Amino acid sequence: SQQGEEDPQALSIQEGENATMNCSYKTSINNLQWYRQNSGRGLVHLILIRSNEREKHSGRLRVTLDTSKKSSSLLITASRAADTASYFCATEGLGNEKLTFGTGTRLTIIP
Amino acid sequence: NAGVMQNPRHLVRRRGQEARLRCSPMKGHSHVYWYRQLPEEGLKFMVYLQKENIIDESGMPKERFSAEFPKEGPSILRIQQVVRGDSAAYFCASSPHSNEKLFFGSGTQLSVL
């Protein structure tokens, strides 16, 4: 079954606004990661948060992790047109070294 | 330090032919992962390899698909007797250790006619 499910599936916002994407998963994890994919390209790693961490920041990105609810959120502040892409969460399960990806959120920033 | 290199970028095969997809991980990375992506979908795990060993192939179809990561040279994903349903983007990723972020290649787009 799909480990990560992103919500919403698609999101369109005006440039300058904040974008929030959510991810839910089913089993216990070592870490959760967020990736970005531009159309037709490979994925680019954005941020990794470990199971014992609750929040992490990187530039305009803020990630939270709630292991009790098995959920994570990715916040992009002050969005730019270049942020237009698909965003995926991925989880590494306990004793399981592969990453399992969700279905992604397609983010469109309107200039 | 070059990134993860995949080739070819595009591969066209007729039904019944063989497809060989190559992946050179980043220098110093001994962990290689293969994923498949259909349009508008997420990545589906196929196989995880370390040098000369298959660690997890739970996502690989039982027939026609195989993968290797030899001591020398790139990792190879091999699809025998391709069918139209094999058409997809195949991505390779590498990492120096487990429990770390992955570095992805640009993918190979396989089209089966």
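None of these values were measured; they are calculated from a predicted model. Within every chain, numbering begins at 1; the chains are lettered A, B, ... in the order of the sequence lines, protein sequences first and strands thereafter.
Here disulfide bond (SG atoms under 2.5 Å apart) pairs that include residues 48-88 of chain B, with residues two or more places apart or in two chains, number zero. The ring pair (Phe, Tyr, Trp, His ring centres under 6.0 Å) contacts involving residues 58-87 of chain B comprise nothing, where partners must be two or more places apart or lie in separate chains.
With sequence neighbours left out, A:Arg106 forms a salt bridge (Lys or Arg N to Asp or Glu O under 4.0 Å) with B:Glu40.
Within a 6.0 Å radius of CZ in B:Arg9, other residues, nucleotides and ligands contribute more than 12 heavy atoms. Shown here is A:Arg41, whose CZ atom has no more than 12 heavy atoms of other residues, nucleotides or ligands within 6.0 Å. Surrounding CD of B:Gln81 are at most 12 heavy atoms belonging to other residues, nucleotides or ligands under 6.0 Å away. Atom CD of A:Gln9 sits in a sparse spot, with 12 or fewer heavy atoms from other residues, nucleotides or ligands closer than 6.0 Å. When the shell of 6.0 Å around CD of A:Gln14 is examined, it contains more than 12 heavy atoms from other residues, nucleotides or ligands.
Heavy atoms closer than 4.5 Å to chain A are found in the side chain of B:Gln37, but not in its backbone. Using a 4.5 Å cut-off between heavy atoms, A:Gln37 contacts chain B through its side chain alone, with no backbone atom that close. With a threshold of 4.5 angstrom between heavy atoms, B:Ser95 does not approach chain A through any atom at all. Contacts between B:Phe103 and chain A at a heavy-atom distance below 4.5 Å are absent for every atom of the residue.
Under the 4.5 Å side-chain heavy-atom criterion for Ile, Leu, Val, Met, Phe, Trp and Tyr, A:Leu99 and B:Ile55 are members of the same hydrophobic cluster.
Side chain of B:Tyr35 to main chain of A:Phe101: no donor-acceptor pair is present (N/O by atom type, distance under 3.5 Å, no hydrogens or angles).
In this structure, B:Phe104 has its ring center under 6.0 Å from that of A:Tyr35.
Interatomic distance, CG of B:Leu102 versus NZ of A:Lys98, reported as 13.0 Å (0.5 Å rounding).
Interface with chain B: from residues 42-80 of chain A, residues A:Gly42, A:Leu43, A:His45, A:Leu48, A:Arg50 qualify, criterion being any non-hydrogen pair under 4.5 Å.
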